[in-house]
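Quick notes on the structure that follows.
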Amino acid sequence: MNAVQKKQFELDTRYMRMARIWAENSYCQRRKVGALIVKDKMIISDGYNGTPSGFENICEDETNTTKSYVLHAEANAITKIARSSNSSDGATLYVTAAPCIECSKLIIQSGIKRMVYAEKYRLEDGIELLRRANIEVVFLNPEENK
């Protein structure tokens, strides 16, 4: 690993740690996911999985099934950008879990060029779509990098 790659790895590890801390804000019981959007070494947006603004902060129904209207962390971070004066064009997304196909579509449309994630998911269609769109995809497992 050269000096540039080492520095990028250190930044990726640091931002992923921050995304994991941000996931703690989620009210979801089954799974807590955090996301950060970084551009020019500045965090320009953040998100965690949860219900839309104004809804009760309960993500699961009485059978412990996630409610259909729960927003994913990356969707929350991307839509937050839309309400600001920032642009995610060329940014990096750090997300604690692999994105689903729907979030991957949003990532592509938002102009994000790099995505770093920490936990794999049984379906890889979201990851495959990002790669097809020439978005750099990096798997960074914090457990392997202690």
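Position 1 is the first residue of the sequence; numbering continues from there.
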Tell me the closest heavy-atom pair linking [X] and [Y], and the distance in Å.
X     : Y      : result
Asp46 : Leu36  : CB-CD2, 3.7 Å
Ser88 : Ser110 : OG-O, 2.7 Å
Met16 : Val95  : CE-O, 3.6 Å
Asn76 : Gly47  : CB-CA, 4.1 Å
Ser45 : Ala77  : OG-O, 2.7 Å
Ala91 : Lys39  : CB-CB, 4.0 Å

Keeping [X] on the side-chain end and [Y] on the backbone end, is there a donor-acceptor pair under 3.5 Å?
X      : Y      : answer
Gln109 : Leu106 : no
Asp61  : Thr63  : yes
Ser84  : Ile81  : yes
Ser104 : Gly126 : yes

Linking I/L/V/M/F/W/Y whenever their side-chain heavy atoms sit closer than 4.5 Å, directly or via other members, would [X] and [Y] fall into one cluster?
X      : Y      : value
Met18  : Phe9   : yes
Ile107 : Phe139 : yes
Leu129 : Leu93  : yes
Tyr27  : Ile21  : no
Leu71  : Ile58  : no

Going by heavy atoms in the side chains, are [X] and [Y] under 4.5 Å from each other?
X      : Y      : answer
Arg30  : Thr66  : yes
Glu60  : Cys28  : yes
Ile43  : Ile37  : no
Arg114 : Val138 : yes
Lys105 : Ile108 : no
Thr51  : Tyr69  : yes
Pro99  : Met115 : yes
Val4   : Gln8   : no

Drop me the distance from [X]'s [atom1] to [Y]'s [atom2], to the nearest 0.5 angstrom.
X     : Y      : atom1 : atom2 : value
Glu74 : Cys103 : CD    : SG    : 3.5 Å
Lys41 : Thr92  : NZ    : OG1   : 11.5 Å
Glu24 : Thr96  : CD    : OG1   : 10.5 Å

Strictly below 4.0 Å, N to O, side chains only: are Glu128 and Arg131 in salt-bridge contact?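 Not counted as a salt bridge, because no side-chain N and carboxylate O are separated by less than 4.0 Å.
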State whether Glu119 and Arg31 are salt-bridged, where the test is any N-O pair (Lys NZ or Arg NE/NH1/NH2 against Asp/Glu carboxylate O) under 4.0 Å.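 Salt bridge flag = yes for Arg31 with Glu119.
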Compute whether any side-chain donor of one residue and acceptor of the other, for Ser87 and Asp89, lie under 3.5 angstrom apart.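 No pair is found: no donor N or O on one side chain lies under 3.5 Å from an acceptor on the other.
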Regarding Asp12 and Tyr94, is there a side-chain donor-to-acceptor distance under 3.5 Å anywhere?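 Yes - a donor-acceptor pair under 3.5 Å links their side chains.
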Kindly determine whether Arg83 and Thr79 satisfy side chain to side chain contact (heavy atoms under 4.5 Å, CB included), including the steps that lead there. CA-CA 7 Å; Arg83 295 179 68 174; Thr79 55; over 6 Å; no
Using the side-chain contact (heavy atoms from CB on, under 4.5 Å) definition, which of the options Asn141, Ile127, Leu130 pairs with Tyr117?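 By the side-chain contact (heavy atoms from CB on, under 4.5 Å) criterion, Tyr117 pairs with just one of Asn141, Ile127, Leu130: Ile127.
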